[in-house]
2 protein chains.
Amino acid sequence: MHVMQVNWDDMRTVLALVRAGTLAGAAEVLGVSYTTVSRRVQRAEGMLGHVLFERHPEGYIPTAEAHDLAAAAKQMEQQEHQLLRQLAGQDQSLTGAFTLTAPELLIQAHLAPLLLEFTNRYPEVELRVKATNDWLDLNRREADLALRISSDPGDTLVGRKLTTQRSGCFATPEIAERAAADPMAVLDWVLFSEQSKPPEAALSQYPNARVRARFDDMVALVAAARVGMGALRMPVFLGRSTPGLVPLPQVATTPYAPIWMLSHRDLQHARKVAAFKDLLVPWFKQYADLFTSL
Amino acid sequence: MHVMQVNWDDMRTVLALVRAGTLAGAAEVLGVSYTTVSRRVQRAEGMLGHVLFERHPEGYIPTAEAHDLAAAAKQMEQQEHQLLRQLAGQDQSLTGAFTLTAPELLIQAHLAPLLLEFTNRYPEVELRVKATNDWLDLNRREADLALRISSDPGDTLVGRKLTTQRSGCFATPEIAERAAADPMAVLDWVLFSEQSKPPEAALSQYPNARVRARFDDMVALVAAARVGMGALRMPVFLGRSTPGLVPLPQVATTPYAPIWMLSHRDLQHARKVAAFKDLLVPWFKQYADLFTSL
DNA sequence: TGCATCACATGCATTTACGCACGGCTCATG
DNA sequence: CATGAGCCGTGCGTAAATGCATGTGATGCA
């Protein structure tokens, strides 16, 4: 009746569907059409002789069997990721893909020349940059090396602190001058979404703060500050390198999360990773003051 | 976010090829043509950017990368097998496939009526019998339940000893009578390939033994004995149930490997497995003397 | 030295899997 | 009650994967 043999890629498909909940979602992840996901699931069910999902208008609901299958597939996925890391980690060539992830504003402010230098020095390496604040999964090898602004880089990855950081408060010269002239006047602010109010270091000097807007994106926040919507707090490296913004007078810097350079243990000795590290470390040592003082 | 991905079935194919050494061998295992194996390997090499095999006239020689890949695929395979056992182990239905493996002569001699009883009692179960002396891999679910004649059933499987056994010496009535009439006359023997000489219990009574032939197959051996090629040693259950053979007079029985009923731990509580066990155990209890005395 | 065998590559026909377009269904919204 | 957005099933044409047949080189044997 049932030849108990499962197609491994069907297992991977079932895992994606259990995770996503809908055919379209799983298809997106897998890079195929949802029609294909549907048919692979049907085939898997036929092979196993078990119903794996309840079809509902809201989506596919996994049965207990599907959860078992997904658990196995998850382990298989781990094996795949480990293998890919292992192969990349043993790669001592200076050719082929190398993927870096870093916050986009860090790249914009300072990293771009370093990237240029890297590509000049190693023209055979195909550099891929993922500029995002999202923490990509280095276990899945979504990147080979990550630069992260964080006080807690976790303990699953290996790396080092490239520099500590401090933050300052910045605004357009007009706003800065007005505030300096009359510290008790109303001072407009734009905040990053997490912050509830302007920093104490600024409030003590300019107590009449008015929050004009909150942004969930740093690029947009900076743009708002540059058109004079208000003052803002940001790491000093950003403030110093943003044209049209100056430090608020009489406001001291405050601590900020440091910058970490991280890679997976399996990849730390891969030649391309090491080569990029060898470029990063001296640069941050030389220009540390860009990140720590106004 | 897209990462470098490998087709999982290509990984399975590489594993098969590492194991088999040749395209044709791997294809045989996978149930595809060797052309397909060749192309899947090429695709995997393209995906990974590594050469996985050295093509030689004698076959495919795996590189270090291929061994890494095979190791990962082996783990994945383990997950698959565990899943299949798990799903089967949870199956509390009395429908669908149930696979039994047992020595063919045990089935021929006694088990056949039990199989009939089982299919009568559970007509929805599709019984599959693998009659072989080979030890099928119950981890891979090549069978759900195994009957094995062995003094060392191993410790990876769970089960119980159904009965102890003793062996006796048998021959055609003509040979048996001639031997009884003149114990010092030459007595012909046919041996199972492992045995170097007839059993001591027989030699002490009939010292003039002549080995006529050795066989690597029990069925063939019995056939030879039945046409009078010589006496032979075999478990008493076989001797008693083989028409045309009688015990050699004045030869005592000797110990023989017991019969074990074994299943994988994951399957021991599956309903179909339990149902078959419930048939086996009382039967062997009732007819134990068939296996222990002449 | 033929001749058979084994292992693999290549070209071609066929089967299989896939993506796309269409339609049905449900649910939230105006 | 109409409408649009999700989400899924089905049919159809196309693209990819597969199997089969054929050819090549290496090896073993009479």
Side-chain angles (χ1 to χ4, degrees), chain A residues 2-63 65-67 69-70 73 76 80, chain B residues 2-63 65-67 69-70 73 76 80:
Chain A
H2 293 122
V3 182
M4 272 296 197
Q5 198 185 356
V6 204
N7 182 302
W8 283 9
D9 277 299
D10 289 351
M11 295 183 68
R12 164 190 257 164
T13 301
V14 170
L15 172 60
L17 184 49
V18 169
R19 282 178 172 153
T22 68
L23 292 182
E28 163 84 27
V29 174
L30 296 169
V32 296
S33 86
Y34 75 93
T35 324
T36 299
V37 176
S38 164
R39 280 183 287 229
R40 286 189 188 162
V41 169
Q42 285 176 31
R43 187 173 51 194
E45 287 180 329
M47 291 278 197
L48 289 169
H50 286 92
V51 178
L52 293 172
F53 295 90
E54 293 171 21
R55 276 74 167 169
H56 281 156
E58 318 90 60
Y60 273 47
I61 312 227
T63 62
E65 286 80 9
H67 278 120
L69 202 165
M76 294 168 75
E80 183 204 4
Chain B
H2 270 251
V3 290
M4 173 163 68
Q5 275 196 168
V6 203
N7 184 301
W8 284 8
D9 276 301
D10 288 353
M11 294 184 68
R12 167 191 254 166
T13 301
V14 170
L15 172 59
L17 183 48
V18 169
R19 281 177 171 153
T22 68
L23 292 182
E28 164 83 30
V29 174
L30 295 169
V32 297
S33 84
Y34 72 92
T35 322
T36 299
V37 176
S38 164
R39 279 182 289 229
R40 285 188 189 163
V41 169
Q42 284 176 29
R43 188 172 52 194
E45 288 182 329
M47 292 275 199
L48 291 169
H50 286 92
V51 178
L52 294 172
F53 294 91
E54 292 171 23
R55 276 75 169 169
H56 280 157
E58 318 90 62
Y60 273 49
I61 311 225
T63 63
E65 286 81 9
H67 278 120
L69 201 166
M76 294 167 76
E80 182 204 4

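By convention in this document, chain letters (A, B, ...) are assigned in the order of the sequence lines, proteins followed by strands, and residues within each chain are numbered from 1. Not measured: the values here are computed from a predicted model.
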Pairwise N/O distances under 3.5 Å, protein to nucleotides 25-27 of chain D:
none

Sorted by chain and residue number, the side-chain hydrogen bond (donor to acceptor under 3.5 Å, both in side chains) partners of A:Arg12 (sequence neighbours excluded) come out as A:Asp9, A:Glu80
B:Asn7 CG to D:dA16 C1', in whole Å, measures 13 Å
Within residues 34-43 of chain A, those residues having any heavy atom closer than 4.0 Å to DNA chain C are A:Tyr34, A:Thr35, A:Thr36, A:Arg39, A:Arg40, A:Arg43
A:Leu30 atom CG is separated from C:dG19 atom C1', nearest whole Å, by 15 Å
Across all chains, not counting sequence neighbours, the side-chain hydrogen bond (donor to acceptor under 3.5 Å, both in side chains) partners of B:Thr22 are none
The salt bridge (Lys or Arg N to Asp or Glu O under 4.0 Å) partners of B:Glu45 (sequence neighbours excluded) come to B:Arg55
To the nearest angstrom, the OH-C1' distance between B:Tyr60 and C:dC6 comes to 14 Å
Which of A:Asp10, A:Leu69, A:Val18 passes side chain to side chain contact (heavy atoms under 4.5 Å, CB included) with A:Leu52? Answer is A:Leu69
Applied to residues 37-61 of chain B, the ring pair (Phe, Tyr, Trp, His ring centres under 6.0 Å) test, sequence neighbours excluded, yields B:Phe53-B:Tyr60
The complete set of salt bridge (charged side-chain N to carboxylate O under 4.0 Å, His left out) pairs with one or both residues in residues 21-31 of chain B, sequence neighbours excluded, reads none
Rounded to whole Å, the CD1-P distance (B:Ile61 to C:dC8) equals 10 Å
Between CZ of A:Arg55 and P of C:dT26 the distance, given in whole Å, is 17 Å
Residue set satisfying side chain to side chain contact (heavy atoms under 4.5 Å, CB included) with B:Ala26, at least two apart, ordered chain then number -> B:Ala16, B:Leu17, B:Ala20, B:Val37
Sorted by chain and number, sequence neighbours left out, side-chain hydrogen bond (donor to acceptor under 3.5 Å, both in side chains) with A:Gln42 holds for A:Ser38
CE of B:Met11 to CH2 of A:Trp8, rounded to nearest 0.5 Å, is 7.0 Å
| query | Are side-chain heavy atoms of B:Val32 and B:Arg40 found at a separation under 4.5 Å? | reply | yes
Atom CD of B:Glu54 and atom C1' of C:dA7 are separated, to the nearest Å, by 16 Å
Sequence neighbours excluded, the answer for side-chain hydrogen bond (donor to acceptor under 3.5 Å, both in side chains) partners of B:Arg39 is none
Separation of C:dT16 atom C1' from B:Asp9 atom CG, nearest Å, is 14 Å
Here the residues of residues 12-23 of chain A within 4.0 Å heavy-atom distance, strictly under, of DNA chain D are A:Thr22, A:Leu23
